[in-house]
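Per chain, numbering begins at 1; letters A, B, ... match sequence-line order.
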Amino acid sequence: MAPASPVAAAAPWVLHVDLDQFLAAVEILRHPELAGVPLIVGGRGDPTERAVVSTASYEAREFGVRSGMPLKVAVRRCPQAVLLPVDFPVYEEASARVMEVLRGMPGAVVEVLGWDEAFVGVTTDDPVAFAQSIRSAVLEATDLHCSVGIGDTKVRAKIATDFGKPRGVFVLTRDNWFEVMGDRPTIALWGVGSKISQRLAAHGYRTVRDLAQADDATLVAEFGPSMGPHYGRLGRGVSSATVDDTPWVARAHGREMTYQTNLVDPDEIATAVRTLAAQVVEDIRREGRPCQRVFLKVRFAPFFTTNRVRKLGEPTFDAEVIATTALELLAALQDERPIRLLGVRAEMVPPEGGYVDPRTTGRGGPSARAAGTGGGTEAQDPTSPHVTEAQAPASPE
DNA sequence: TCTGGGGTCCTAGGACCC
DNA sequence: TCTGGGGTCCTAGGACCC
């Protein structure tokens, strides 16, 4: 398994593999007659319900349908679209097959980011050819098309993929970063959303180039000593280049539910919270780690969302304790408005030895490693990036 | 137009202890 | 009598991503 002596010209690369219109593509595999028609996957497939689009096929996107859009709106924009309910197990299975293909690529280290995307670290002198071989292998094994972004950091690889879509490959490195990204708004960066982009704009930083040249002291004053410099680095495309295949371990499990009619009756609310707590306990029992903190999420009508948390005296698997805690948190809000959504989340006791899996910007917030001073996994611009393959433990398969 | 469900991480500030 | 820093734990709230 040990590779032969490295080729002198070979360099480490980060590839980002992203499946094209994943949910829609999986549905087309089992409903071939839907190929080429506008297709929307979301909720329970009922456009009258409170739900959003999970994936729209490219044909549906031509009508302005986007993921995250309310189904009602999507159907208004594209009345002829075929609407399908989300079918989690089927996508899980397809996703697992894709990830297996990636892990089978010679020399690849695979860090899964979600159902339909992963980073692949590889040392090669021809990353484009490697990317094309990934596309071919995935297509052959699963009948699914994907796009591949190639970068010298994770942020650049991740962003590159969008330029490769669909069914393509795009290379984004420090050599063409500003040419490609410099004039784009900061919100185009992975990890910068609407709020941060607005706060940046308030300081005059509107484009990626503005942010790249931003005054560090200003960023620190606005976002803190950790996040401030982190955003500056994002503007330069600088981030970790380490691909780590350590399996992800959940920190918490939660269940939430949007009610088709708002809840007002206290008994009804208590029952709803208990139902959610019972489902959460099923999930954390599967993990084998008890709940140490209970989070309550509430969305009051018309649209106000808030969260509360409480640490438990003793970690527990007891659904009634979790439900009671959540109801106490709800009562403490002293808010009588009708409830649209309830969520109960259980943060689990960490596993023995703590969490060792990677935390990337794509899952959750900004990476603790990338933002922190320790770790040293952040590539220094403009020094060369590197992919640490040796530090990854044996793939568990 | 009317906004799901599953996650993770960061910052600020108070309480408390040494 | 008035006062220091540092550390840890906890809650509240904000933000981002798929």
Side-chain angles (χ1 to χ4, degrees), chain A residues 16 18-19 22-23 41-44 46-55 64-77 85-86 88 91-92 95 112-118 155 158 161 187 189-200 220-228 230-231 234 248-260 276 279-280 283 292-297 299 301-313 329 332-333 340-348 355 357-372:
Chain A
H16 177 256
D18 197 314
L19 290 146
F22 178 53
L23 272 52
V41 183
R44 290 186 281 198
D46 180 347
T48 68
E49 288 192 350
R50 290 173 176 172
V52 299
V53 175
S54 289
T55 301
V65 179
R66 295 285 178 272
S67 18
M69 176 180 284
L71 286 188
K72 278 175 195 154
V73 178
V75 168
R76 208 169 298 146
R77 290 199 180 185
V86 176
F88 293 90
Y91 314 137
E92 299 269 11
S95 172
V112 177
L113 277 181
W115 267 356
D116 63 342
E117 59 176 310
V155 163
K158 166 79 183 171
T161 310
I187 200 168
L189 294 165
W190 187 40
V192 175
S194 65
K195 303 289 183 180
I196 300 296
S197 65
Q198 282 174 38
R199 285 167 72 183
L200 288 168
V220 168
E222 177 65 34
F223 299 107
S226 171
M227 298 307 292
H230 171 70
Y231 290 127
L234 277 187
W248 172 73
V249 177
R251 274 72 172 159
H253 285 294
R255 289 297 182 94
E256 61 186 65
M257 179 85 178
T258 293
Y259 301 96
Q260 293 304 317
L276 293 167
Q279 292 170 339
V280 165
D283 292 340
Q292 60 179 10
R293 290 206 295 173
V294 176
F295 290 74
L296 170 77
K297 178 170 169 181
R299 178 125 71 215
F303 208 78
F304 167 73
T305 309
T306 191
N307 288 280
R308 286 297 181 276
V309 60
R310 181 176 296 169
K311 188 176 176 29
L312 297 175
L329 289 168
L333 291 175
R340 284 180 66 100
L341 170 150
L342 281 171
V344 174
R345 164 172 303 278
E347 179 191 85
M348 294 172 283
Y355 296 105
D357 53 306
R359 292 122 105 134
T360 55
T361 311
R363 198 175 29 225
S367 158
R369 289 187 195 187

Value in whole Å for how far the P atom of dC16(C) lies from CD of Gln198(A): 9 Å
Sugar-phosphate only, base, or nothing, as touched by Arg293(A) at under 4.0 Å among non-hydrogen atoms: base
Rounded to whole Å, the OH-P distance (Tyr355(A) to dG7(B)) equals 12 Å
Check every strand shown and say whether Val52(A) touches a base, only sugar-phosphate, or nothing at a heavy-atom separation below 4.0 Å. base
Whole angstrom is fine here: how far is it from CD in Glu222(A) over to P in dT11(B)? 13 Å
With P as the reference atom in both, quote the distance from dG14(B) to dG4(C) in angstrom, rounded to an integer. 16 Å
Minimum-distance nucleotide (side-chain atoms of Thr258(A) versus dG5(B), dC18(C), dA12(C)): dG5(B)
Send over the distance from His253(A) NE2 to dG7(B) C1', rounded to a whole Å. 10 Å
Using a 4.0 Å heavy-atom cut-off across all strands, classify Val192(A) as base, sugar-phosphate, or nothing. sugar-phosphate
What is the distance from atom CG of Leu71(A) to atom CZ of Arg76(A), rounded to the nearest 0.5 Å? 11.5 Å
Is a side-chain donor or acceptor of Arg199(A) paired with a backbone partner of Glu222(A) at a separation under 3.5 angstrom? yes
Once you round to the nearest 0.5 Å, how far does CD of Gln292(A) lie from CD of Glu347(A)? 4.5 Å
Just the rounded figure in Å: distance from C1' of dT3(B) to CZ of Arg76(A). 12 Å
Side-chain atoms of Lys311(A) come closest, of dG7(B), dG4(B), dC10(C), to dC10(C)
Where the side chain of Ala252(A) is concerned, which of dC17(C), dG6(B), dT8(B) is the nearest nucleotide? dT8(B)
Measure from the side-chain N and O atoms of Arg77(A) to the backbone N and O of Gly64(A), and report whether any donor-acceptor pair falls under 3.5 Å. yes
Could you let me know what dG5(C) is paired to, Watson-Crick or G-U wobble, both distances under 3.5 Å, or none if it's on its own? dC18(B)
Taking CD1 from Ile196(A) and C1' from dC16(C), how many angstroms apart are they, rounded to a whole number? 8 Å
Find the distance Glu49(A):CD to dG5(B):C1' and express it as a whole number of Å. 14 Å
To the side chain of Val73(A), which of dT3(B), dG4(B), dT1(B) is closest? dT1(B)
Identify whether any heavy atom of Arg66(A) sits under 4.0 Å from a base atom; if not, whether one sits that close to sugar-phosphate; answer base, sugar-phosphate or nothing. nothing
Which nucleotide sits closest to the side chain of Arg340(A): dG5(B), dC18(C), dT3(B)? dT3(B)
Rounded to the nearest Å, what distance is computed from the CG atom of residue Leu329(A) to the P atom of nucleotide dT11(C)? 9 Å
Between dT3(B), dT11(C), dT11(B), which one does the side chain of Val309(A) approach most closely? dT11(C)
Are the side chains of Leu341(A) and Arg50(A) in contact, using a 4.5 Å heavy-atom criterion? no
Looking at CG of Leu342(A) and OH of Tyr259(A), how far apart are the two atoms once the value is rounded to the nearest 0.5 Å? 4.5 Å
From the set dA15(C), dT11(B), dG5(B), return the single nucleotide nearest to any side-chain atom of Leu341(A). dG5(B)
When you get a sec, tell me which of dA12(C), dT8(B), dC18(C) is the closest nucleotide to the side chain of Lys158(A)? dC18(C)
With a non-hydrogen cut-off below 4.0 angstrom, is Leu71(A) in contact with a base, only sugar-phosphate, or nothing? nothing
With nearest nucleotides of DNA chain B determined for Phe223(A) and Arg255(A) from heavy-atom distances, which residue corresponds to the more 5′ nucleotide? Arg255(A)
Over all strands shown, is Leu276(A) touching base, sugar-phosphate only, or nothing at heavy-atom distances under 4.0 angstrom? nothing
Counting any heavy atom closer than 4.0 Å, what does Asn307(A) reach on the DNA or RNA strands: base, sugar-phosphate only, or nothing? nothing
Compare the aromatic ring of Phe303(A) with the six-membered base ring of dT3(B) and state whether they stack according to the 5.5 Å and 30° rule. yes
Side chain of Met227(A) (C-beta onward), nearest among dT3(B), dT11(B), dC16(C): dT11(B)
Can you tell me which nucleotide in dC16(C), dT11(C), dT3(B) comes closest to the side chain of Ser194(A)? dC16(C)
So how far is it from Leu19(A) CG to Trp115(A) CH2, rounded to the nearest 0.5 Å? 12.5 Å
Describe the nucleic acid contact of Ser67(A) in one word from base, sugar-phosphate, nothing, applying a heavy-atom distance below 4.0 Å. nothing
At 4.0 Å (heavy atoms only), tell me whether Gly254(A) reaches a base, stays on the sugar-phosphate, or touches nothing. sugar-phosphate
Touch class at under 4.0 angstrom, heavy-atom based, for Met257(A) against every strand present: sugar-phosphate
Along DNA chain B (nearest heavy atom to each residue), the more 5'-positioned of Gly224(A) and Arg50(A): Arg50(A)
